[in-house]
Amino acid sequence: MAVVSIHGLTKYYGDNLVLDHIDLEVGNGTLVSLLGPSGCGKTTTLRLIAGFEQASGGDIFIDEQRINDVGVNKRNIGMVFQSYALFPHMSVEKNIAYGLEQRKIPREEIDRRVKDIVRLVKLEGFEKRKPKQLSGGQQQRVALARALVIKPSILLLDECLSALDKKLRVEMQVELRRILESQGITTLFVTHDQEEAMTISDLIVVMRAGIIEQIGAPYEVYEHPRNRFVAGFLGKANFFEGKVSGTWENGVILDTAAGTIKTATRETAEVGKGAVYAVRPEKMRIQGEGQEGCLQGQVQFVTYAGNISTYTVDWNGQQLLVEEQNLNGAARVQPGETVSIGWEEGSCHRMEDPVEV
């Protein structure tokens, strides 16, 4: 286990700024997901920590030791790539033992550690098989076992579940969390999959264009996003943008292009200034008379997804999304119907984005 500290980390490729003075502290045994779209700098951050790239500026520390100039082979870092990078001519046990053999570990200890890690990743009975004789999920377990068996200070995972089909990927998210919790290894996990980050992480680091937009526990980042980018990237959101025209006992009155809303919110806003608020679709309700919002709109589309239905509602030209569970006996609203939309108290949050009015 180790603490990872990043201070002012910067990376240029030529004139292209890929990382812009990012700061990050990863505590002992914490599992952190770096989440963001392609090109945001998350994989570059991982490669800098691993030593595959040299930083243009800033410092990287592992347990207070600056490692900027430490060689890759001396950083004691385990890494699992998207491609797994298994040796095709080696058996499962040989693949797992490779790193230990390179470190000149005694044979008896190698055998013991390989046996223990095979049991941990539930690959008993597959020790003699070659990678081509394994499923995608089994290959992923071998790659993870090979990284863990060397007892790294930190573990770096780069999109290591993305090659799996959806069902297996969901299963492996839970399994990966179990394995990493049992080992207590400080882990940084790169992904662009929001659900994956929510499932496995202690902390989520949301990145965009080389900067960190927000850091927090999954619940905190999802329920209280700082800005429109975070709210829109980590799930879905309805945004209400306009001018604050007044206040009332529970919040503010916001004049938007589609109409006026009254929202209860703890975030203050100055009358006469622009502001933008967000509400998650699952917090909104069809036929929500008496709730916050109370907007009248017409249902445009209904999308059935088994456990939930998503309603697209036109509110004076603005398209709003409402998600509701498909409960037994629940009335189903049809396209063309006029409905009242409300949302749960405390579900409307102000974004930090500047708004000109």
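Numbering of residues begins at 1 and proceeds along the displayed sequence.
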>> I'd like to know whether Val339 forms a side-chain contact (heavy atoms from CB on, under 4.5 Å) with Val322, so could you lay out the CA-CA distance, the side-chain angles of the two residues, the decisive distance to 0.1 Å, and finally the verdict.
In response: CA-CA 11 Å; Val339 295; Val322 182; over 6 Å; no
> Is it true that a side-chain atom of Gln139 and a backbone atom of Leu134 form a donor plus acceptor pair closer than 3.5 Å?
Replying inline: yes
> If you measure from CG on Leu9 to NE2 on His21, what distance do you get to the nearest 0.5 Å?
Replying inline: 9.5 Å
>> Could you measure the distance from the CD1 atom of Ile261 to the OG1 atom of Thr256? Nearest 0.5 Å is fine.
In response: 6.5 Å
>> Under a 3.5 Å cutoff, is there a donor and acceptor pairing between the side chains of Glu25 and Ser5?
In response: yes
> Hey, are His192 and Glu159 close enough side-chain-wise for a donor-acceptor pair under 3.5 Å?
Replying inline: yes
> So, are Arg228 and Glu241 salt-bridged, with charged N and O less than 4.0 Å apart?
Replying inline: yes
> Mind checking whether Val221 and Met198 have side chains closer than 4.5 Å, heavy atoms only?
Replying inline: no
> Is Leu295 linked to Val252 within one hydrophobic cluster, defined over Ile, Leu, Val, Met, Phe, Trp and Tyr using a side-chain heavy-atom separation of less than 4.5 Å?
Replying inline: yes
>> Using only atom types and a distance under 3.5 Å, with no angle test, would you say the side chain of Gln133 pairs donor to acceptor with the backbone of Lys130?
In response: yes
>> Heavy-atom count check: over 12 atoms from other residues, nucleotides or ligands less than 6.0 Å from Tyr13 OH?
In response: yes
>> Between Asn68 and Ala55 (side chain of the first, backbone of the second, donor and acceptor by atom type, cut-off under 3.5 Å), is there such a pair?
In response: no
>> Determine whether a donor-acceptor pair (N or O, by modelled atom type, separation under 3.5 Å) exists between the side chain of Thr186 and the backbone of Ala2.
In response: yes
>> The test is side-chain contact (heavy atoms from CB on, under 4.5 Å); show your working for Thr310 and Ile308 and say whether it passes.
In response: CA-CA 7 Å; Thr310 300; Ile308 64 169; 4.3 Å; yes
>> Val4 vs Leu24, test: side-chain contact (heavy atoms from CB on, under 4.5 Å). Steps then yes/no.
In response: CA-CA 8 Å; Val4 180; Leu24 179 62; over 6 Å; no
>> With salt bridge (charged side-chain N to carboxylate O under 4.0 Å, His left out) as the criterion, how do Asp111 and Lys115 come out once you've worked through the C-alpha distance, each side chain's angles and the decisive distance to 0.1 Å?
In response: CA-CA 6 Å; Asp111 292 341; Lys115 183 178 180 179; over 6 Å; no
>> Do Ile211 and Val190 land in one hydrophobic cluster if side-chain heavy atoms of ILVMFWY residues count as linked below 4.5 Å?
In response: no
> Judged by atom type as modelled, is there a donor-acceptor pair below 3.5 Å linking the side chain of Gln214 to the main-chain atoms of Arg226?
Replying inline: yes
Show me, pair by pair, the donor-acceptor contacts under 3.5 angstrom made by side chains of residues 201-209, not counting sequence neighbours?
residue	atom	partner	partner atom	Å
Ser201	OG	Ser33	OG	2.5
Ser201	OG	Ala197	O	2.6
Asp202	OD1	Arg177	NH1	3.3
Asp202	OD1	Arg177	NH2	2.7
Asp202	OD2	Leu31	N	2.8
Arg208	NE	Glu213	OE2	2.9
Arg208	NH2	Glu213	OE2	2.9

> Going by atom types alone, do Glu196 and Thr191 pair a side-chain donor with an acceptor below 3.5 Å?
Replying inline: yes
>> Between Gln319 and Asp314, do the side chains contain a donor N or O and an acceptor N or O under 3.5 Å apart?
In response: yes
>> For Glu175 and Arg141: C-alpha separation, side-chain torsions, deciding distance, then whether salt bridge (charged side-chain N to carboxylate O under 4.0 Å, His left out) applies.
In response: CA-CA 10 Å; Glu175 189 67 7; Arg141 290 168 189 257; 3.6 Å; yes
>> With clusters defined by side-chain heavy atoms of hydrophobic residues (ILVMFWY) lying less than 4.5 Å apart, directly or transitively, does Phe126 cluster with Leu176?
In response: yes
> How far does CD of Gln140 sit from SG of Cys160, to the nearest 0.5 angstrom?
Replying inline: 5.0 Å
> Is the side chain of Glu223 donor-acceptor paired with the backbone N or O of Glu220 at a distance under 3.5 Å, no angle test?
Replying inline: no
>> Can a donor-acceptor pair be found, under 3.5 Å and without considering hydrogens, that links the side chain of Glu324 to the backbone of Ile286?
In response: yes
>> Please identify which of these residues, Leu156, Asp158, Val18, meets the side chain to side chain contact (heavy atoms under 4.5 Å, CB included) condition with Thr43.
In response: Asp158
>> Which residues end up grouped with Tyr12 if you chain together Ile, Leu, Val, Met, Phe, Trp and Tyr wherever their side-chain heavy atoms are less than 4.5 Å apart?
In response: Leu17
> Can you hop from Phe52 to Ile49 via hydrophobic side chains spaced under 4.5 Å?
Replying inline: yes
> Can you name the residues that form a side chain to side chain contact (heavy atoms under 4.5 Å, CB included) with Ala143, not counting sequence neighbours?
Replying inline: Val80, Tyr84, Leu86
>> Is it the case that over 12 heavy atoms from other parts of the model lie below 6.0 angstrom from the CD atom of Glu108?
In response: no
>> Testing the basics here: between Ile60 and Leu48, what is the closest heavy-atom pair and its distance to 0.1 Å?
In response: CD1-O, 3.5 Å
> Hey, mind stepping through Met351 and His349 against side-chain contact (heavy atoms from CB on, under 4.5 Å) and telling me if it holds?
Replying inline: CA-CA 6 Å; Met351 305 292 96; His349 300 287; 4.2 Å; yes
> Under the side chain to side chain contact (heavy atoms under 4.5 Å, CB included) test, which residues partner Val118, sequence neighbours left out?
Replying inline: Ile96, Val114, Leu123, Glu124, Glu127
> Rounded to the nearest 0.5 Å, how far apart are OG of Ser182 and CG of Leu120?
Replying inline: 4.5 Å
> Got a second to check how far Leu188's CG is from Thr45's OG1, nearest 0.5 Å?
Replying inline: 9.0 Å
>> Looking only at the aromatic ring of each residue, does the gap between the centers of Tyr277 and Trp343 stay below 6.0 angstrom?
In response: no
> Is there a donor-acceptor contact under 3.5 Å from the side chain of Glu109 to the main chain of Pro106?
Replying inline: no
>> Given 3.5 Å as the limit, does a donor-acceptor pair link the side chain of Arg280 with the main chain of Ala231, or not?
In response: yes
>> Between the side chains of Glu195 and Arg169, is the shortest nitrogen-to-carboxylate-oxygen separation below 4.0 Å, so that they form an ion pair?
In response: no
> Which ILVMFWY residues can you reach from Phe87 by hopping between side chains whose heavy atoms are under 4.5 Å apart?
Replying inline: Met90, Tyr98
>> With a 3.5 Å distance limit and no angle check, can you tell me whether Lys42 reaches the backbone of Pro37 through a side-chain donor-acceptor pair?
In response: yes
>> Membership question, hydrophobic clusters at under 4.5 Å side-chain separation (ILVMFWY): are Leu321 and Val302 in the same one?
In response: no
> If you look at every heavy atom in Phe233 and Gly36, which pair is closest and at what distance?
Replying inline: CZ-C, 3.4 Å
> Within 45° of the axis and under 6.0 Å from the centre of the six-membered ring of Phe240, does NZ or CZ of Arg350 qualify?
Replying inline: no
>> Looking at every non-hydrogen atom in both residues, tell me the closest pair between Ser309 and Asn326 and how far apart they are.
In response: OG-OD1, 2.7 Å
>> Does this structure show an ion pair linking Glu323 with Lys236, if we count only N-O contacts that are shorter than 4.0 Å?
In response: yes
>> Restricting to non-hydrogen atoms, name the atom on Ile67 and the atom on Arg75 that form the minimum distance, rounded to 0.1 Å.
In response: O-NH2, 2.8 Å
> How close do Arg113 and Val149 get, heavy atom to heavy atom, and via which atoms?
Replying inline: NH2-O, 2.7 Å
> Any idea which heavy atoms bring Gln54 and Lys11 closest together, and the distance?
Replying inline: O-NZ, 2.7 Å
> In Å and rounded to the nearest 0.5 Å, what is the CD to CD1 distance from Glu101 to Ile110?
Replying inline: 5.0 Å
> Considering residues at least two apart in sequence or located in another chain, which fulfil the side chain to side chain donor-acceptor pair (under 3.5 Å) criterion with Arg47?
Replying inline: Glu53
